[in-house]
4 protein chains.
Amino acid sequence: MAGSTFGNLFRITTWGESHGPALGVVVDGCPAGLALTEEDIQMYLDRRKPGQSQITTSRSEADRVEILSGVFEGRTTGTPISLLIRNTSQISRDYSDIASCYRPGHADYTFDQKYGFRDYRGGGRSSARETAGRVAAGAIACKILRQLGIEVCAYTLSIGPITIDPEHFDARAICETRTAMPDREADGKAVAYLEDAIKRLDSVGGVMECRVSGVPAGIGDPVFCKLDALLAQAAMSIGAVKAVEIGDGTAVSTRYGSENNDAFRMERDRVVKATNHAGGILGGISDGSDILLRAHVKPTPSIYAPQQTVDNSGHDIDIQIKGRHDPIIVPRAVVVLECMTAITLLDAMMANLCCRMDSLERFYRNSDSPQD
Amino acid sequence: MAGSTFGNLFRITTWGESHGPALGVVVDGCPAGLALTEEDIQMYLDRRKPGQSQITTSRSEADRVEILSGVFEGRTTGTPISLLIRNTSQISRDYSDIASCYRPGHADYTFDQKYGFRDYRGGGRSSARETAGRVAAGAIACKILRQLGIEVCAYTLSIGPITIDPEHFDARAICETRTAMPDREADGKAVAYLEDAIKRLDSVGGVMECRVSGVPAGIGDPVFCKLDALLAQAAMSIGAVKAVEIGDGTAVSTRYGSENNDAFRMERDRVVKATNHAGGILGGISDGSDILLRAHVKPTPSIYAPQQTVDNSGHDIDIQIKGRHDPIIVPRAVVVLECMTAITLLDAMMANLCCRMDSLERFYRNSDSPQD
Amino acid sequence: MAGSTFGNLFRITTWGESHGPALGVVVDGCPAGLALTEEDIQMYLDRRKPGQSQITTSRSEADRVEILSGVFEGRTTGTPISLLIRNTSQISRDYSDIASCYRPGHADYTFDQKYGFRDYRGGGRSSARETAGRVAAGAIACKILRQLGIEVCAYTLSIGPITIDPEHFDARAICETRTAMPDREADGKAVAYLEDAIKRLDSVGGVMECRVSGVPAGIGDPVFCKLDALLAQAAMSIGAVKAVEIGDGTAVSTRYGSENNDAFRMERDRVVKATNHAGGILGGISDGSDILLRAHVKPTPSIYAPQQTVDNSGHDIDIQIKGRHDPIIVPRAVVVLECMTAITLLDAMMANLCCRMDSLERFYRNSDSPQD
Amino acid sequence: MAGSTFGNLFRITTWGESHGPALGVVVDGCPAGLALTEEDIQMYLDRRKPGQSQITTSRSEADRVEILSGVFEGRTTGTPISLLIRNTSQISRDYSDIASCYRPGHADYTFDQKYGFRDYRGGGRSSARETAGRVAAGAIACKILRQLGIEVCAYTLSIGPITIDPEHFDARAICETRTAMPDREADGKAVAYLEDAIKRLDSVGGVMECRVSGVPAGIGDPVFCKLDALLAQAAMSIGAVKAVEIGDGTAVSTRYGSENNDAFRMERDRVVKATNHAGGILGGISDGSDILLRAHVKPTPSIYAPQQTVDNSGHDIDIQIKGRHDPIIVPRAVVVLECMTAITLLDAMMANLCCRMDSLERFYRNSDSPQD
C-alpha cells in the first residue's frame with residue numbers, strides 16, 4: 001500500500017532516500033492564511049540534523065529546506081506545500097558490502113524480501129533521513145498549534161539506565177544538551193555512558209517523552225481513530241521505536257482501579273483531574289489535561305563490532321559495518337516524535353470542527369457571507 | 001472524523017451502543033470464495049461474551065451473530081458482509097445517576113465535551129460491547145489467515161503481579177481458564193488475586209500478549225504503514241489499553257546494540273534469526289519470525305468503591321457506581337487483540353500483492369483469461 | 001478494493017443484496033445533535049420503493065427502515081448510525097436460468113469474471129436495490145443541508161424523446177407523477193411512450209436532473225476533490241448512468257468563450273453571476289449560484305423480448321428474461337441522485353470548515369471552553 | 001480536505017502553482033522493479049507542454065522532469081517517486097489587475113471565497129499547469145499498463161463543430177497535428193476554425209475521447225468504486241471539463257433497451273460483445289471490450305475581448321485579460337485525460353489482485369518463499 005502518507009485533513013506525504021539527490025514532503029490540507037517562512041521550518045530541521053556533536057553521526061548535512069509551493073506573499077494558500085531538502089553529503093563509496101548482505105537489526109532483509117531488491121545506499125528509504133520530511137511538515141503543525149495555544153514538547157527521558165530527574169526539569173536544556181535531555185546533570189552522566197559504549201564499538205537505546213499542554217477537551221474520535229491509537233501509530237512509525245506508552249503506560253497493568261482512576265474536580269469553574277494517570281486521554285478523546293506519551297527506542301542497529309549475518313546468496317558470513325552512524329538514535333529522534341505528535345493532534349483537531357450540528361450551523365448560517 | 005472504519009483493503013466498519021437494539025459490523029473487501037458460516041464467527045464471539053464466570057460481568061448476552069449479506073451458498077461473494085448482533089440483556093433501569101455525572105476513568109466527560117451530550121446508558125458507544133463487531137470481523141480475518149498457514153494466538157500474560165510461566169505454556173488453557181491464561185497454575189493464583197480485589201470493591205489491570213506464527217517475510221509498508229505502527233494503532237484502539245510493545249518492547253531502551261541485534265543465520269536453505277528481540281518486524285516489515293506484541297490494560301474504571309467526581313452542573317460530588325461490570329478487562333479483551341491483529345495483518349498482506357511488477361505481470365499476463 | 005464506502009467526513013457504507021435477508025447502510029461521521037426519526041428517512045425510501053405504479057416493477061417491498069444505533073433520545077450522537085431494511089418480497093423461484101448465463105447489459109458476466117461466481121438472485125449486489133442504503137443515508141444528509149438553508153431537488157428531465165418544459169416546472173409534481181417529472185403534461189406523454197414500450201416488451205432510457213440551491217460559495221477542494229469531480233463519481237456510481245453533465249454540460253464543447261463565460265455582477269452587495277452556464281461550480285469550487293447536474297440513464301437492460309447471449313459453459317444461447325423489473329429506471333433513481341448529491345455536498349461542506357486559519361482560531365480560541 | 005491526492009494503491013499527490021518555483025508530483029505505491037528513466041516521463045510532458053504552435057499559449061516552458069527518489073539503478077524501488085518540474089518562464093509582470101478582480105469562468109472568485117485570498121499569478125493552483133504533475137505520474141502508469149498489454153490512447157474528437165471522421169482515424173496524427181486530432185483533414189478544418197476565433201479575440205471548446213484496449217474483464221469494484229465512477233471523477237477533475245460520457249454516453253437516454261443492450265457471443269473460445277454501447281464497463285466492472293470515454297471541454301475562459309465582472313471591493317467593472325493563454329484547451333489536455341485514465345485503471349487493477357481467495361492462496365501458498 002502507498003504507505004508514505006499520514007493524516008486525513010492535514011495530510012503529509014514524505015519521499016526520498018538516504019543517498020538520493022533529495023528528500024522532501026508534501027503537506028496537503030494546511031489551512032490558508034498561516035504566516036510561514038523557510039526559517040519557521042529550518043529551526044526544526046536544525047534540531048534533527050546530523051553532525052552536531054561526537055555522539056551523532058559524522059555525516060554533515062546542512063538540511064536546508066526550500067518551499068516550492070503553497071505559500072504566497074508569506075502566507076499559506078490552502079494548497080499543497082512542497083518542501084525540498086537536498087542531500088549534499090552522500091559520500092560516494094563502495095556500498096557493495098552491504099548490497100549483498102543483510103545488516104542485523106536493519107530493514108535490508110525485509111526490503112529485499114518485499115520488493116525483490118533495494119536501494120542499499122545507507123539504508124535507502126528505511127534510513128532515518130526519511131524523517132527529515134516529517135520534521136519539515138511537523139514544524140508547520142507545531143506553528144499552527146502554537147497559535148491555538150497548544151505547546152508540544154518532546155525530550156529525552158532516559159539513555160540506557162540514566163533517567164532525568166523531573167525535579168531538575170529545564171526546558172531550555174532540551175535544545176542545548178547533546179542528549180536532548182531537559183536535565184543537565186543527567187545529560188552529563190548520559191554522555192559518559194555513551195562515550196563508554198562508543199569506545200566498545202557498541203550503541204545504546206533510550207526513551208523519548210512528549211508532553212502536550214493546552215489541548216482542549218474533546219479531541220479524537222471513538223473506536224479506531226482514538227487520539228491515543230493514532231498517536232501510537234505515529235510514534236511506532238518512527239524507525240527503532242519498539243514500545244509506546246500513554247500516560248502511566250505499562251505501569252497501569254499492575255494497578256488497582258482505585259489507584260489508577262483520576263478523580264474529576266472543579267477548579268475555578270473548570271473541570272480538572274486531580275491526577276493524570278490517563279495521560280490526558282479518556283476513551284480515546286482528550287480530557288483537557290496534558291497529553292503525555294513515551295516511546296522506547298532500540299539501540300542503533302549499526303555497530304562497529306563484528307556481527308554474524310547472511311548474504312543474499314544464502315551463506316552465513318561475518319560483517320563489520322563501516323560508514324557513519326549515531327551511537328544512539330534518541331537525541332535526534334526527539335524532534336521527530338514532537339513533530340509526529342503535532343501532526344496527529346492537529347489532524348484530529350481539524351476533524352473535530354465538524355462533529356456537531358451547532359458548529360456547522362454557526363459556521364454556515366451566522367452571516368450572509370459565511371466565509372467572511 | 002468518521003472513526004469507526006479500520007483497514008484499507010480488508011475494511012471493517014463497526015457500529016452500535018451498549019444499550020441500543022443491536023451492534024454489528026460491515027466487512028468490506030473480504031476476498032470472494034471463502035467458506036463462511038455463522039458458526040465460524042460465533043466461536044470467536046463466545047470467547048468475549050459476558051457472563052461466563054464470577055470474574056466477568058453478570059450481564060448475560062447470547063451474542064448470537066446473524067449474517068445479513070455477502071455470503072451466498074456458503075461462500076463469501078466479495079461484497080460487503082454485514083453482521084448483526086442483537087442486544088438482549090439491556091436492563092431497563094434509571095441511568096439518571098450517570099447521565100448527569102462523569103465516572104472517573106471513563107469517557108463520559110470527554111464524549112460530553114466533544115458532542116454536547118451522550119448516550120449515557122452503559123457507556124454507549126464507548127462501552128467495550130463495541131468490540132463485539134471487531135471480533136465478528138476478526139473471526140473472518142483469522143479464518144482467511146489460517147488458510148494461508150498463519151496462526152494468530154492471544155492470551156493473558158499477566159494479571160496484576162501474577163505472570164504466566166512460559167515453561168508452563170498450554171495453548172488449550174487459553175479458552176478453558178477463566179483468565180485466558182495459557183498456564184493453569186498462574187490462572188489459579190490470578191483468580192485468587194481477583195477475588196480479593198472484588199471483595200475490596202476494586203478492579204485490577206493486566207497484560208495481553210499476541211503471537212503470530214507463519215507470517216511470510218515482506219508484509220508491511222515503509223514509513224507510516226509499517227506493520228508495527230498499524231498494530232500499535234489496532235491494539236491501542238482497544239479501550240483501556242495504555243501501552244503497546246513489539247518484540248522485547250520497553251526492554252530495548254536499556255540494552256546495548258550488541259545485545260539487541262538479532263543475528264541472521266541460514267537454516268536448511270532458509271534465512272532465520274538466531275534470536276527474535278525484534279518481534280518479527282524489521283523496518284516495519286515482517287521478517288519471517290513470529291510476530292509478538294503486548295498490550296497493557298488498565299484496571300476496569302468502574303469500581304464499586306465510592307469515588308470523587310463532578311456532575312455536569314459543575315459541582316464536586318461523590319459517586320458509587322452501580323450496574324454490572326467486569327473486575328478485570330483482560331480475559332475478555334484477549335480475543336479482541338487477537339482479532340485486531342488478524343485484521344491488521346490480513347489487510348497488509350492483501351496490499352502486499354501489488355507491490356512488485358513481477359506479481360502484476362504474473363497475475364495479468366500468464367493466461368488468456370487472467371481471472372481464471 | 002473495499003468499494004462500498006463513500007465520503008470522507010460524512011461517510012456511508014452500504015451493504016446488502018437484492019434477495020438476501022436485508023439491506024442497509026452505516027453512516028459514520030454524522031454531526032451530533034441532529035433531531036432524527038425513522039420517519040425522516042422513510043419519506044425518502046418511499047420515493048424509491050418499488051411497486052408504486054404500472055411503470056415500475058411489480059415487486060412490492062415496504063422498505064421499512066429501522067435505526068439500530070447512533071440516535072439517542074431523538075438526536076444523533078455523533079457515532080455511527082446503522083440503518084436496516086429487511087427484504088420481504090424475495091420471490092422464491094428457480095433462478096438457475098440466470099445462474100448459468102449472462103444477461104446482456106447486466107453485471108452478471110463481469111461479477112463472474114471478477115469473483116469467480118456470484119449471487120445470481122435478482123442481480124445480487126449489482127441490483128438497484130442496493131441504492132436503498134444510499135437513499136436512507138441521503139435522507140440524513142438532506143435534512144442536515146436543509147437546516148443549513150440548502151435545498152437539493154432532483155427530478156426526471158426526460159424519458160426517451162419526451163422532455164419537460166421548464167416553463168411548466170411544478171415541484172410538487174415530482175412526487176405526484178409516476179415519472180417523477182415536474183411537468184404534468186410531459187408526464188402524460190411519457191407514460192404513453194412507456195406503455196407503448198412495455199407493450200413491445202422493451203424498455204426506455206431517460207435523463208435525471210438535480211438542482212441545489214442555497215449553497216454558499218467556497219465549497220469543494222482543488223484538483224482531485226473538485227466538487228464537480230466528486231459529484232461526477234457520485235452520479236456515475238448509480239447503476240445505468242452513462243453520462244454526467246455539470247451546468248451546460250456537453251453543450252459547452254461547441255461554444256465560444258465569449259458565449260460561455262458567466263459575467264460577475266454586484267446585486268445588492270452580493271456577487272452574482274449574470275448567467276449560470278457553469279452550473280454553480282468554478283475551478284471545482286461552488287460559486288454561490290445554483291448547482292445543476294444531469295445524469296443520463298440507459299434503458300433497463302432487463303427486457304422481456306428474447307436476446308442473444310452466452311452461458312457460463314461457453315455456448316451461444318438465446319434467453320428470455322422473466323422476473324419483475326421496471327421498464328424504466330429513471331423515476332425511482334431520481335431520489336438516488338438527489339441523495340448522492342446531498343451526501344457529496346455535505347461531505348465537502350464539512351471538510352471546508354477547517355480550510356482556513358481564521359476558522360480554526362475562531363473555533364478553538366474564542367472561549368475558554370471551546371466546545372461549549 | 002486534502003484534495004491533491006488521487007488513487008488508493010497507486011497514489012499520486014500533485015503540488016505546485018503556475019508561477020511558483022516548481023511543480024511536481026509524488027507517486028506512492030508504484031510497483032517495484034519497473035525500468036524507469038526521465039525520458040519515459042519526458043515524452044508525455046512534451047505532449048502537454050506549452051508553446052508548441054500558434055494555437056497554444058506563447059508561454060514557453062521546457063518542462064524538464066527530474067526524478068528525485070524512488071528509482072535506483074534504473075528501476076523503481078517500490079518507494080515514493082518524487083518528480084520535479086521547474087517553472088522557468090514565469091514572466092515577472094504586474095498582476096495587480098487580476099489580483100483585485102475576478103475573471104469570468106475562472107476560479108479567482110471561488111478561491112478567494114474559500115481561502116480568503118489567493119495566489120493570483122496566472123491562476124495559481126487552479127492553473128492548468130497543475131496538470132504537469134498528473135502527466136508525469138500518468139507516464140509511469142501508462143508504461144506499467146503497456147507491460148500488461150494495455151494501451152491507453154486519448155485524442156481530440158472535436159473542436160467546436162469540427163469532428164473527426166472515424167474512417168480517417170490515424171493514430172500517428174495525434175502527436176503530429178496541432179489539434180491532437182487523429183484525422184489530418186479534420187485537423188486542417190479545426191485549425192482554420194481556431195484561427196478565426198483567435199482573430200475575433202475569442203476561444204473555443206471541444207471534446208476529448210479516450211480508448212483503452214487490452215483491459216481484462218473484472219476490473220473495478222461495485223457500488224462507489226465502479227470503474228466508470230472513478231473515471232468520471234478522474235476526467236471531471238481536469239479543469240474545464242463539464243461533461244463525461246462512458247460508451248455511448250448521452251445517446252443512451254433516448255434509446256430502447258433492445259437497441260442498447262450488447263449481446264454476448266462466443267468468438268474462438270472467448271466471450272465477446274457483438275456491439276459495445278456500454279463502453280467496456282458493465283455494472284462498474286470492465287467486460288473485456290475496449291473502454292471508451294469522452295470529456296467535454298469548455299472554451300478557454302481567458303479571452304482577449306472585454307468582459308464584465310466585479311472587483312474584490314464589490315464594484316462592477318470591465319476587464320480585458322492580458323497574458324498568455326491557449327485559445328483552446330483540448331489539444332494539450334488530451335494527454336492529461338490519457339494519463340488520468342491510466343492512473344485510474346492501474347489503481348483498480350492493483351486492487352483487483354486481492355479480491356479472491358484463490359489469488360491470495362496462489363500468491364502466499366504456492367512456494368516456500370512466497371515472494372520469489
Side-chain angles (χ1 to χ4, degrees), chain A residues 1-5 7-17 19-33 66-73 75-82 84 86 111-121 124-126 130 133 350 369-372, chain D residues 1-5 7-17 19-33 66-73 75-82 84 86 111-121 124-126 130 347 350 369-372:
Chain A
M1 198 176 57
S4 292
T5 295
N8 188 36
L9 295 169
F10 187 88
R11 186 187 283 170
I12 74 168
T13 301
T14 71
W15 55 270
E17 287 88 39
H19 283 62
L23 299 121
V25 67
V26 181
V27 180
D28 198 9
C30 180
E66 199 184 338
I67 299 178
L68 294 179
S69 68
V71 177
F72 180 61
E73 297 183 341
R75 285 189 297 159
T76 57
T77 60
T79 61
I81 302 169
S82 178
L84 181 81
R86 292 271 171 194
F111 267 63
D112 258 19
Q113 285 294 302
K114 185 176 193 72
Y115 297 115
F117 81 119
R118 71 183 194 282
D119 178 349
Y120 47 75
R121 302 165 304 165
R125 182 69 178 151
S126 70
E130 170 270 322
M350 286 168 68
S369 47
Q371 302 283 340
D372 295 308
Chain D
M1 199 176 58
S4 292
T5 296
N8 189 35
L9 295 169
F10 187 87
R11 186 187 283 171
I12 74 167
T13 301
T14 71
W15 55 269
E17 286 89 39
H19 283 63
L23 299 120
V25 66
V26 181
V27 180
D28 198 9
C30 180
E66 199 184 338
I67 299 178
L68 295 180
S69 67
V71 177
F72 179 61
E73 297 182 341
R75 286 189 297 158
T76 58
T77 59
T79 61
I81 302 170
S82 178
L84 181 82
R86 291 274 171 192
F111 266 65
D112 258 18
Q113 285 294 301
K114 184 175 194 72
Y115 297 115
F117 81 119
R118 72 182 194 283
D119 178 349
Y120 47 77
R121 301 165 305 165
R125 182 70 178 150
S126 69
E130 170 270 323
D347 193 42
M350 286 168 67
S369 48
Q371 301 284 337
D372 294 307

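We name chains A, B, ... by the order of the sequence lines, and we start the count at 1 in each one. Just so it is clear, the structure is predicted and the values come from calculations on it, not from any experiment.
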Of all residues at least two apart in sequence or in a different chain, which pass the side chain to side chain donor-acceptor pair (under 3.5 Å) check with Arg75(A)?
none
Apply side chain to side chain donor-acceptor pair (under 3.5 Å) to Thr5(A) and list each qualifying residue two or more places apart in sequence or on a separate chain.
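Checked Thr5(A) against side chain to side chain donor-acceptor pair (under 3.5 Å); matches are Thr13(A).
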Working to the nearest 0.5 Å, report the span between OG of Ser69(A) and CZ of Arg125(D).
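Ser69(A) atom OG to Arg125(D) atom CZ measures 7.0 Å (nearest 0.5 Å).
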Output the distance between atom OG1 (Thr76(D)) and atom CG (Asp119(A)), rounded to the nearest 0.5 Å.
12.0 Å
Winner by heavy-atom pair count (cut-off under 4.5 Å) against chain A, out of Gly78(D), Gly70(D), Ala32(D), Ser82(D)
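Winner by heavy-atom pair count: Ser82(D).
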Shorter than 4.5 Å, heavy atoms on both sides: which option in Glu66(D), Arg121(D), Glu73(D) has the most such pairs with chain A?
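Of the options given, most contacts go to Arg121(D).
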Which atom names give the shortest non-hydrogen contact between [X] and [Y], and what distance separates them?
X	Y	value
Thr77(D)	Tyr115(A)	O-CG, 3.4 Å
Phe111(A)	Thr79(D)	CE2-CG2, 4.2 Å
Gly33(D)	Phe117(A)	N-CE2, 4.0 Å
Pro80(A)	Glu17(D)	O-OE2, 4.3 Å
Leu9(A)	Ala2(D)	O-CB, 3.9 Å

Can you say whether Ile67(D) sits under 4.5 Å from chain A via the side chain, the backbone, both, or neither, judging by heavy atoms?
backbone
Side-chain contact, heavy-atom cut-off 4.5 Å: Arg86(A) with Leu68(D)?
yes
Please state whether the rings of Tyr120(A) and Phe72(D) are parallel, tilted or perpendicular, taking 30° and 60° as the class boundaries.
perpendicular
